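Counting starts at 1 for both ligands and their atoms, following the listed order. Quick caveat, the model's predicted, so the values are computed rather than measured.
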Amino acid sequence: AKGMGRNNFQTYVAVPEESHQQRIALETKLRVAERNNELRVYYQPQVDSLTEDIVGMEALIRWEHPELGMISPGFFIPLAEETGLIVSIGEWVLRVACNDTKRWQNRFNLPLRISVNLSALQIKQPNLVEIVRNVIDETGIDPTLLDLEVTESISVKSIPNLMETLQALRDLGCRISIDDFGTGQSSLDYIRRFPADKIKIDQVFVRNIGVDPDDEAIVRATINMAHSLKLGVVAEGVEIEEHFNFLRDHGCEELQGYLFCRPLAPVSFENMLAERERL
Ligand code: C2E
Ligand code: CA
Ligand code: CA
Ligand code: CA
């Protein structure tokens, strides 16, 4: 990987099992965090598997607590979803990510694509499409370079307006990716009807490339299925050359993972782009 610095390791504080009271305390802290600008948007590159060019990046939220340090989204996103805070936090991530991306597109004259995670609760909001349209207008981002990631486990049962909303987002020009593909219980018929442009192969399968022939078979089958359905494929959790080679050789067009780069703070991401521009 070209000049992306593989050693920017990031450590999280271990957060202990929480009691009910601790959860409420954490919820309060999360509300304060939002107000006090303790939330950050980090960016992890997605690269073309043939050229290793950066084609886009995923926006990943971080919580920089003044005393506790970096808190992992794996810990506080579930809480944000349960409490509904994800709606305002998610909108904030979208706006910041589009702003940063537009700035980098201009500075480096690159058609960088930005991927933003959408939570089920955001999709339930009747005004989501309006919010996305406003962010596109305010930031001037090209909507075809805005990719919205929706996890495969999202269900029409709990979100009756799911298909219509995703289609409305596509009508704005946005792209839809099915995140964590293979970990849910979707039928092939559901996938076929899902208004999506791309599939993200989950890291649980990528991790076992070179280890478990069954998982390798799933990865190959997913790539072939995606292409048959005219969907793009990106693999996440690409950590070693063996993953990279396998995925590239089987036609997976985009890769994301620590092998190329960790999620970076905006300043580091921009420096990395500047560095690569010089190469
Ligand atoms: P995700 O959407 O599946 O994001 C990919 C996760 O894999 C990220 O974890 C990323 O840092 C991690 N990752 C990337 N490359 C590698 C690798 O090579 N090896 C391994 N082991 N992991 C890798 P992160 O940043 O901790 O985020 C965890 C989850 O939190 C995300 O999973 C996503 O579900 C959620 N999340 C993060 N930001 C947002 C957000 O803005 N909105 C919503 N709704 N969810 C978010
Ligand atoms: Ca994602
Ligand atoms: Ca994922
Ligand atoms: Ca995942």
Side-chain angles (χ1 to χ4, degrees), residues 1 4 6-15 30 33-34 39-47 56-64 70-98 100-101 113-125 128 131-132 135 146-154 175-184 196 198-209 222 233-244 247 254-265 269:
M4 275 192 274
R6 296 183 188 183
N7 295 317
N8 31 55
F9 286 94
Q10 190 184 345
T11 49
Y12 292 114
V13 290
V15 185
L30 188 52
E34 216 189 340
L39 301 180
R40 312 267 172 268
V41 182
Y42 274 48
Y43 298 94
Q44 185 178 35
Q46 298 173 332
V47 307
M57 56 274 178
E58 180 175 8
L60 293 160
I61 196 169
R62 298 286 178 266
W63 177 4
E64 204 176 323
M70 275 297 184
I71 302 177
S72 157
F75 180 75
F76 70 86
I77 289 290
L79 179 77
E81 277 168 349
E82 282 166 47
T83 55
L85 283 169
I86 192 67
V87 174
S88 55
I89 292 176
E91 181 180 344
W92 175 81
V93 171
L94 177 71
R95 184 166 280 110
V96 169
C98 289
D100 284 344
T101 301
R113 184 193 61 219
I114 180 69
S115 297
V116 179
N117 292 286
L118 276 191
S119 138
L121 205 61
Q122 289 177 271
I123 299 178
K124 268 193 191 168
Q125 308 300 309
L128 175 69
I131 285 170
V132 174
V135 170
L146 174 56
D147 173 48
L148 300 167
E149 296 191 358
V150 176
T151 159
E152 189 217 299
S153 61
I154 200 164
R175 301 294 146 95
I176 304 291
S177 291
I178 310 179
D179 204 356
D180 304 332
F181 188 82
T183 62
K198 196 167 59 180
I199 279 175
K200 279 192 96 167
I201 303 179
D202 195 76
Q203 39 190 302
V204 297
F205 305 108
V206 173
R207 189 181 301 145
N208 281 336
I209 291 173
T222 304
V233 199
V234 45
E236 66 180 15
V238 180
E239 292 188 353
I240 55 175
E241 298 285 342
E242 197 171 2
H243 301 160
F244 176 14
L247 289 158
E254 290 180 15
L255 309 172
Q256 177 182 350
Y258 297 165
L259 175 65
F260 304 99
C261 195
R262 299 235 158 199
L264 298 176
F269 192 86

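- Sorting the N, O or S atoms of Asp180 by how far they are from the Ca ion (ligand 3) puts OD1 first.
- Glu91 places none of its side-chain heavy atoms less than 4.5 Å from the side chain of Leu94.
- Close contacts of ligand 1 with Gln44, meaning ligand atoms under 4.0 Å from a residue heavy atom, involve 14 (C), 15 (N).
- To the nearest 0.5 angstrom, Arg207 atom CZ is 8.0 Å from Asp202 atom CG.
- For the residue pair Ile209 and Glu242, the shortest heavy atom distance occurs at CG2-O, 3.9 Å.
- Between Ile77 atom CD1 and Leu85 atom CG the span is 10.0 Å, to the nearest 0.5 Å.
- Checked by distance only, ligand 1 and Gln122 stay at 3.5 Å or farther apart across all their nitrogen or oxygen atoms.
- Residue-level check: among N/O/S atoms of Glu149, OE1 sits closest to the Ca ion (ligand 2).
- Numbered from 1 in the order shown, with element, the atoms of ligand 1 that lie under 4.0 Å from a heavy atom of Ser119 read 44 (N).
- For Phe205 and Phe181, the ring centers are positioned 6.0 Å apart or more.
- Taking every heavy atom of both residues into account, Trp63 and Ala33 meet most closely at NE1-CB, 3.3 Å.
- For ligand 1 and Arg62, the ligand atoms under 4.0 Å from any heavy atom of the residue are 11 (O), 24 (P), 25 (O).
- Counting heavy atoms only, Val93 comes closest to atom 41 (O) of ligand 1 of the residues Ile77, Val93, Leu121.
- Taking the N/O/S atoms of Glu58 in turn, the shortest distance to the Ca ion (ligand 2) belongs to OE2.
- In this comparison of Gln203, Glu236, Arg262, Arg207, the heavy atom closest to atom 6 (C) of ligand 1 sits on Gln203.
- Side chains of Val96 and Leu39 form no contact here, defined as non-hydrogen atoms less than 4.5 Å apart.
- Evaluated by nearest non-hydrogen atom to atom 43 (C) of ligand 1, the leading choice among Asn117, Val41, Ile89 is Asn117.
- On a distance-only criterion, Glu239 and ligand 1 share at least one N/O pair closer than 3.5 Å.
- Counted by atom type alone, Glu58 and Gln44 present zero donor-acceptor pairs between their side chains at under 3.5 Å.
- In terms of N/O distances under 3.5 Å, ligand 1 is approached by Tyr258.
- The two residues Pro73 and Arg62 have their closest heavy-atom pair at CG-NH1, 3.4 Å.
- Between the choices Leu60, Ile240, Asp202, the shortest heavy-atom distance to atom 37 (C) of ligand 1 belongs to Leu60.
- Interface atoms of ligand 1 facing Pro263, defined by a heavy-atom separation under 4.0 Å, are 11 (O).
- Atom-to-atom distance recorded for Ile114:CD1 and Met57:CE is 4.0 Å, nearest 0.5 angstrom.
- When the N, O or S atoms of Asp179 are ranked by distance to the Ca ion (ligand 2), OD2 comes first.
- Among the backbone and side-chain atoms of Glu236, none of the N, O or S atoms lies under 3.0 Å from the Ca ion (ligand 2).
- If you number the atoms of ligand 1 from 1 as listed, the ones under 4.0 Å from a heavy atom of Glu58 come out as 2 (O), 4 (O).
- Atom CD1 of residue Ile123 and atom CG of residue Leu148 lie 8.5 Å apart, to the nearest 0.5 angstrom.
- Asn117 lies close to the Ca ion (ligand 2), since one of its N, O or S atoms is found at a distance under 3.0 Å.
- Close approach of ligand 1 to Ile86 is summarised as follows: ligand atoms under 4.0 Å from at least one heavy atom of the residue are 44 (N).
- For ligand 1, the polar-atom distance check against Asp180 finds a nitrogen or oxygen pair separated by under 3.5 Å.
- When side chains are defined from C-beta on, Arg113 does not count as touching Arg175, because their heavy atoms never get closer than 4.5 Å.
- Residue Gly257 has no nitrogen or oxygen atom sitting less than 3.5 Å from a nitrogen or oxygen atom of ligand 1, judged on distance alone.
- Atoms of ligand 1 found under 4.0 Å from any heavy atom of Asp179, numbered from 1 in the order shown, are 2 (O).
- Using the six-membered ring where Trp is involved, Phe244 and Phe260 have ring planes that are perpendicular, over 60° apart on the 30 and 60° scheme.
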